[in-house]
**Q** 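Here's a structure for you.
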Amino acid sequence: MIPIRDHNPSGRIPFVTYGLMILNIGIFLSYFPALSGDPRALMVFYYDWAMVPALVTSEGTYTTLITSTFLHGGWMHLAGNMLFLWIFGDNMEEEFGHIGYLLFYLACGLAASGAQLVSAPLSQVPTVGASGAIAGVMGGYLLLFPKAKIDIFIFLVFIIRIISVPAWIMLGLWFIFQLFGGAGSSADDGGVAYWAHAGGFVAGLILTLPLFLRRGGPAYWDRTEGHPPHPEAKYKLSRTNIPKVTRK
């Protein structure tokens, strides 16, 4: 279930979102292509700049709670995070304003790193990725636009299609998956930082709550019926021109 776009156009140019994307991509290109062929050198780099819970706990490397959010573990990791940021970031930047959104993003990233640290304070596995901060953006988006349409790409063996669903379904399921993933895995095993995702998401909800209440709280939802307070974008899904082939 991969989101490819929303139907929630922004009324201003999201300079901060674009800047964050450029910064994440630029930092990744500055180290990963050169170090990916040398696992030892890459691990040394991560131990210097990624968030390693055991080092934060024992040596107080607190700056890595932020620096880790601008690092990624591979091309697909980077691409997935930038896709989510591109889809959901522009609307949250419009709501918070450029400076407020930047502070919001950094606060969510810090909260995500903190949640991962609390979940496994003695782990020596480096944590990297912008996904915790972006999860905060998604949490805020869910609160403000629960019924905004999200086009998602579904690939289930022989079922391949794009469908539109309300944001609360896509983002709600995503959050539930993080909770189940965190409960069913160990941070010492590496892999996905589920608790960082969940922590960032909750932080985004909480930090967006004052804005939501200023808009009227539940009354804001009543006025917009949970949809964006402006006309939604229309996309036409055309059938593929790829011919059907019968398999024997």
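Just so you know, residue 1 is the first one in the sequence shown, and it goes up from there.
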**Q** Tell me if a side-chain donor or acceptor on W86 pairs with a main-chain N or O of T17 at a distance below 3.5 Å.
**A** no

**Q** Nearest 0.5 Å please: distance from the CD atom of Q116 over to the CG atom of L65.
**A** 11.0 Å

**Q** With clusters defined by side-chain heavy atoms of hydrophobic residues (ILVMFWY) lying less than 4.5 Å apart, directly or transitively, does L179 cluster with V118?
**A** no

**Q** What heavy-atom pair brings A112 and A196 nearest, and what distance separates the two atoms?
**A** CB-O, 3.1 Å

**Q** Please state whether the rings of F84 and W174 are parallel, tilted or perpendicular, taking 30° and 60° as the class boundaries.
**A** tilted

**Q** Each residue besides I176 in its hydrophobic cluster should be listed here, by chain and number; the cluster joins Ile, Leu, Val, Met, Phe, Trp and Tyr at side-chain heavy-atom distances under 4.5 Å.
**A** F180

**Q** Can L71 be reached from L23 by stepping across I, L, V, M, F, W or Y side chains whose heavy atoms are under 4.5 Å apart?
**A** yes

**Q** Could you walk me through whether I162 and I4 pass side chain to side chain contact (heavy atoms under 4.5 Å, CB included), step by step?
**A** CA-CA 9 Å; I162 296 174; I4 58 172; 3.6 Å; yes

**Q** Linking I/L/V/M/F/W/Y whenever their side-chain heavy atoms sit closer than 4.5 Å, directly or via other members, would L55 and F70 fall into one cluster?
**A** no

**Q** Grab the two heavy atoms, one from F88 and one from M170, that are nearest each other, plus how far apart they are.
**A** CZ-SD, 4.1 Å

**Q** Mind listing the closest non-hydrogen atom pair of T224 and P229 along with its distance?
**A** CG2-CB, 4.0 Å

**Q** Show me, pair by pair, the donor-acceptor contacts under 3.5 angstrom made by side chains of residues 41-49, not counting sequence neighbours?
**A**
| residue | atom | partner | partner atom | Å |
| --- | --- | --- | --- | --- |
| Y46 | OH | H72 | O | 2.8 |
| Y47 | OH | Q124 | O | 2.6 |

**Q** Of I87, I150, L205, which meets side chain to side chain contact (heavy atoms under 4.5 Å, CB included) against Y141?
**A** I150

**Q** Inspect the surroundings of CZ in R12 and state if more than 12 heavy atoms from other residues, nucleotides or ligands are less than 6.0 Å away.
**A** yes

**Q** When you compare the side chain of Y62 with that of S113, does any pair of heavy atoms fall below 4.5 Å?
**A** no

**Q** Which residue pairs pass the side chain to side chain donor-acceptor pair (under 3.5 Å) test with at least one member in residues 196-210, sequence neighbours excluded?
**A** S131-H197, Q178-H197

**Q** Look only at the side chain of E93 and the backbone of F15, and say whether a donor-acceptor pair between them is shorter than 3.5 Å.
**A** yes

**Q** I would like to know whether D6 and N91 meet side chain to side chain contact (heavy atoms under 4.5 Å, CB included); could you show each step before the answer?
**A** CA-CA 10 Å; D6 65 357; N91 300 111; 3.0 Å; yes

**Q** Does the side chain to side chain contact (heavy atoms under 4.5 Å, CB included) test come out yes or no for S164 and H7, once each step is laid out?
**A** CA-CA 9 Å; S164 294; H7 293 237; 3.8 Å; yes

**Q** Assigning hydrophobic clusters by single linkage (Ile, Leu, Val, Met, Phe, Trp, Tyr; side-chain heavy-atom cutoff under 4.5 Å), is I27 placed with I22?
**A** no

**Q** Decide side chain to side chain contact (heavy atoms under 4.5 Å, CB included) for F32 and L78; before the verdict, give the C-alpha distance in whole Å, the side-chain angles of both, and the deciding distance to 0.1 Å.
**A** CA-CA 11 Å; F32 193 83; L78 174 69; over 6 Å; no

**Q** Report yes if some heavy atom in the side chain of C108 is under 4.5 Å from a heavy atom in the side chain of L207; otherwise report no.
**A** yes

**Q** Distance from M76 atom CE to N81 atom CG, nearest 0.5 Å?
**A** 11.0 Å

**Q** Please enumerate all residues that pass ring pair (Phe, Tyr, Trp, His ring centres under 6.0 Å) together with H227, with sequence neighbours excluded.
**A** none

**Q** Should V52 and T64 count as side-chain neighbours, where that means a heavy-atom distance under 4.5 Å?
**A** no

**Q** What heavy-atom pair brings F212 and L143 nearest, and what distance separates the two atoms?
**A** CB-CD2, 3.7 Å

**Q** Report the residues that fulfil salt bridge (charged side-chain N to carboxylate O under 4.0 Å, His left out) with R223, sequence neighbours left out, ordered by chain and then residue number.
**A** none

**Q** Let me confirm one number: the CE-OG1 distance from M51 to T69, rounded to the nearest 0.5 Å.
**A** 10.5 Å

**Q** Rounded to the nearest 0.5 Å, what separates atom CG in L171 from atom CH2 in W168?
**A** 11.5 Å

**Q** Kindly write out the residues that satisfy side chain to side chain donor-acceptor pair (under 3.5 Å) with Y105, not counting sequence neighbours, or none if the list is empty.
**A** none

**Q** Please examine the side chains of Y101 and L20, heavy atoms only from C-beta on, and report whether any two atoms are closer than 4.5 Å.
**A** yes

**Q** Work out which heavy atom in N24 is nearest to a heavy atom in A130; give both atom names and the distance.
**A** OD1-CB, 3.8 Å

**Q** Working to the nearest 0.5 Å, report the span between CG of L142 and NZ of K147.
**A** 12.5 Å

**Q** With no hydrogens and no angle check, do the side chains of S119 and Y194 hold a donor and an acceptor under 3.5 Å apart?
**A** no

**Q** Enter the distance from L211:CG to M92:CE here, rounded to the nearest 0.5 Å.
**A** 7.0 Å

**Q** Between the side chain of T57 and the main-chain N/O of P121, is any donor-acceptor distance below 3.5 Å?
**A** yes

**Q** So with a 6.0 Å cut-off around CG of L103, is the heavy-atom count from everything else above 12?
**A** yes

**Q** Does F145 share a hydrophobic cluster with L209, counting links as ILVMFWY side-chain heavy atoms below 4.5 Å and allowing steps through other members?
**A** yes

**Q** Can you give me the closest heavy-atom contact between P3 and L83, atom names plus distance?
**A** O-CD2, 3.2 Å

